[in-house]
> 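Got a structure for you, written out below as structure tokens; questions coming shortly.
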Amino acid sequence: MRLPSRTPRTNTFQRKRGGQGKKMDTVEKDGVIDRWVKKHLVLYTGATRHPFILSIRDGTIDFSSFKRWLGQDYIFVREFVPFTASALLKASKNSDDNSDMEVILSGLASLNDEISWFKQEAANWDVPLSDVVVHKSNQNYCRFLESLMLPAVEYSVVFTALWAIETVYQESFSHCLEDGSKTPPELLESCKRWGSEGFGEFCRSLKKVANRCLEKAPDEELKKAEMTFLRVLELEIEFWDMSHGGP
Ligand SMILES: Cc1ncc(CNC=O)c(N)n1
């Protein structure tokens with residue numbers, strides 16, 4: 001199978017210049033993150049082009065799957081808040097760049113809106129959030145987040161996870177908004193939450209921070225961060241499987 005080539009939109013330097021690969025010196029060198037995405041492209045594509053997402057994009061999604069996802073994701077996002085807060089705490093202690101904290105803080109602020117949005121959306125879809133039974137895949141993912149909140153976990157590892165978790169959603173939901181997609185109108189709001197250009201910009205900021213930390217990290221830490229990236233991809237796939245009605 002030939003995998004689709006990625007658009008050069010991750011290349012912010014080139015984008016800002018409005019260039020289409022004019023001169024070699026305008027092409028930014030791949031950072032650690034891009035190298036990992038290329039190295040693990042099959043797993044990455046598995047997480048960002050999952051059948052659940054493809055069924056939203058082609059309009060064949062079963063709304064009961066969407067409702068299952070909604071209830072489970074609300075639980076996940078509640079756990080994601082303290083995880084993001086733990087990243088903020090590490091940024092305030094370890095970071096050599098003051099703007100890191102602002103990037104995470106904007107993420108926390110949008111999580112505040114997101115929780116309200118989930119409550120409203122659940123009410124619209126008649127999903128009672130108070131009696132959602134947490135699915136095993138979700139439990140595993142939440143437990144993994146908890147393990148990353150421990151003080152001993154390095155900042156670069158936490159940031160890699162944060163970037164990967166947000167980016168899987170961004171790449172997935174933006175795919176449902178592209179020209180030619182047949183996303184049901186009822187689901188457009190959800191897709192825009194993560195698929196919008198604003199969220200894309202946020203993910204690029206996360207990536208810059210992650211790359212900067214990883215470039216300075218010793219080999220051992222780099223290995224840990226790469227394993228964490230892979231684990232996030234696996235957990236995201238399991239989360240989609242669960243939503244899609246898988247095991
Ligand atoms: C399972 C999962 N992964 C990533 C996200 C996106 N981050 C915050 O909303 C999410 N909501 N759920």
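In listed order, ligands and their atoms are each counted from 1. Just so you know, residue 1 is the first one in the sequence shown, and it goes up from there.
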> Does the pair Lys207/Asp34 count as a salt bridge with the N-to-O cut at 4.0 Å?
yes

> With salt bridge (charged side-chain N to carboxylate O under 4.0 Å, His left out) as the test, pick out the partner of Asp30 among Lys39, Lys38, Arg35.
Lys38

> Taking C-beta and beyond as the side chain, do Glu166 and Phe80 meet within less than 4.5 Å on heavy atoms?
yes

> Test of understanding: with ring-ring contact (aromatic ring centres under 6.0 Å, His included), list the residues that count as partners of Trp125, not counting sequence neighbours.
Phe63, Phe66

> Under the salt bridge (Lys or Arg N to Asp or Glu O under 4.0 Å) test, which residues partner Glu178, sequence neighbours left out?
Arg57

> Could you tell me, atom by atom, which parts of ligand 1 come under 4.0 Å of a heavy atom of Trp194?
6 (C), 8 (C), 9 (O), 11 (N)

> Note the single closest protein heavy atom to atom 11 (N) of ligand 1, along with its residue, its atom name and the distance in Å.
Asp73 OD2, 2.9 Å

> Considering only the protein, which heavy-atom contact is closest to atom 3 (N) of ligand 1, and what is its distance?
Glu236 OE2, 2.7 Å

> Could you list the atoms of ligand 1 found under 4.0 angstrom from a heavy atom of Phe80?
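Matching atoms, with element in brackets: 7 (N), 8 (C).
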
> Less than 4.0 Å between a side-chain N and a carboxylate O, is that true for Lys223 and Glu226?
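So Glu226 pairs with Lys223 through a salt bridge.
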
> Hey, are the side chains of Tyr141 and Ile75 touching, using non-hydrogen atoms and a 4.5 Å cut-off?
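No - every pair of side-chain heavy atoms lies 4.5 Å or more apart.
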
> Of the side chain and backbone of Ile165, name the one, both, or neither that has a heavy atom under 4.0 Å from an atom of ligand 1.
both

> Give the atom numbers and elements of ligand 1 that come within less than 4.0 Å of a heavy atom of Val77.
9 (O), 11 (N)

> At what distance is the nearest protein heavy atom to atom 9 (O) of ligand 1, and which residue and atom is it?
Glu114 OE2, 2.3 Å

> Examine Tyr141 against ligand 1 and note whether any of their N/O atoms are separated by less than 3.5 Å.
no

> Which is closest to atom 5 (C) of ligand 1 in terms of heavy atoms, Phe173, Tyr169, Trp240?
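Considering heavy atoms of Phe173, Tyr169, Trp240, the nearest to atom 5 (C) of ligand 1 sits in Tyr169.
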
> Considering only the protein, which heavy-atom contact is closest to atom 6 (C) of ligand 1, and what is its distance?
Glu166 OE1, 3.2 Å

